Amino acid sequence: MSEILYFVDVILDTPADRNGAFMECGAFKGESTAKFSIACRLAGRRLIVCDSFEGIPENDESDHMTLDGKAVEFPKGSYMGGLEEVEKNIADNGAIEVCEFVKGYFEETLPEREDVLVGVYLDVDLASSTRTCIGHLWPRLVDGGWLMSQDGHLRLVLDEFKDPNLWVETLGEEVPHPLGFGEEKLIRLQKTAR
């Protein structure tokens, strides 16, 4: 819950003159989305909600371990919240009028997006999904914008945040030093002017 509240705080504290929308990747049943949507309504922002709405995609990431050495699995279809279920949960508990829903796997939907973003919240579990989201969304973040991942307890996800092939070769950036890296479940990166 503290991870969600941290992002809510970012939504509410983002200066009004900083243009852009917020995006959540990985909505599950829409519980965090409902909270983010209320904050976005208060801040006068749009919330873009990206999810397959069919659960985790097929993957070959069988060696997921947490930082404390526990094995975790993400089989296809796990963490599924259907679009209608998520919309209902947000309509009942949040501010659905600020939400835009993007249905599909990230590698199919994110390349088509041209959004200007002030904040991105990832709860995508897979290293491959994390890489896809960073690769497509980091360039769309404005200076001062935040990229956060709730998956900072997963070793394969942390590997993506430190991969020079992603940051240096693909994005043309230095390998970052995320806040909370290797210490907290929520890791945070703020984009600064180069």
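What you see is a predicted model, and the numbers here were worked out from it, not measured in a lab. The chain is numbered in sequence order, starting from 1.
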[X] versus [Y]: any side-chain heavy-atom pair under 4.5 Å?
X	Y	result
C133	V120	no
F101	I96	yes
T130	I134	yes
V8	F36	yes
F106	L137	no
Y79	D125	yes
L47	R41	no

To the nearest 0.5 Å, what is the distance between [atom1] on [X] and [atom2] on [Y]?
X	Y	atom1	atom2	value
D115	H136	CG	NE2	13.0 Å
E3	R188	CD	CZ	9.5 Å
I4	L186	CD1	CG	10.0 Å
N19	L117	CG	CG	12.0 Å
T33	I38	OG1	CD1	11.0 Å
C99	E24	SG	CD	8.5 Å

With sequence neighbours excluded, residues passing side chain to side chain contact (heavy atoms under 4.5 Å, CB included) with H153: T66, D151, K185
Please check: side-chain N/O of [X] versus main-chain N/O of [Y], any donor-acceptor pairing under 3.5 Å?
X	Y	answer
K35	G30	no
E100	I48	no
D123	Q150	no
S32	A27	no

Looking at every heavy atom in both [X] and [Y], which two are closest together, and how far apart are they?
X	Y	answer
S149	V157	OG-CG1, 4.1 Å
I90	S37	CG2-OG, 4.0 Å
C50	L110	SG-CD2, 4.1 Å

CG (D60) with more than 12 external heavy atoms under 6.0 Å: no
Residues, nucleotides or ligands: over 12 heavy atoms within 6.0 Å of E31 CD: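 Counting neighbours around CD of E31, 12 or fewer heavy atoms of other residues, nucleotides or ligands fall under 6.0 Å, so no.
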Can you hop from [X] to [Y] via hydrophobic side chains spaced under 4.5 Å?
X	Y	result
Y105	F53	no
F74	L156	no
L67	I187	yes
L122	F181	yes
I56	M65	no

Lys/Arg N to Asp/Glu carboxylate O, K76 vs E54, below 4.0 Å: no
Worked check of side-chain contact (heavy atoms from CB on, under 4.5 Å) between V98 and F22: CA-CA 10 Å; V98 303; F22 286 91; over 6 Å; no
Candidate pair L166 and L171, rule side-chain contact (heavy atoms from CB on, under 4.5 Å), full reasoning: CA-CA 6 Å; L166 172 60; L171 296 172; 4.3 Å; yes
W138: ring pair (Phe, Tyr, Trp, His ring centres under 6.0 Å) partners, not counting sequence neighbours: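 Only W167 meet the ring pair (Phe, Tyr, Trp, His ring centres under 6.0 Å) criterion with W138.
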Step-by-step side-chain contact (heavy atoms from CB on, under 4.5 Å) determination, T109 to K103: CA-CA 8 Å; T109 59; K103 185 178 188 320; over 6 Å; no
side-chain hydrogen bond (donor to acceptor under 3.5 Å, both in side chains) between E107 and T132, intermediate numbers included: CA-CA 6 Å; E107 67 270 11; T132 298; 4.9 Å; no
For R140, the option from K191, R113, E114 that meets side chain to side chain contact (heavy atoms under 4.5 Å, CB included): R113
Worked check of side-chain contact (heavy atoms from CB on, under 4.5 Å) between H177 and K162: CA-CA 8 Å; H177 302 284; K162 297 307 271 183; 3.4 Å; yes
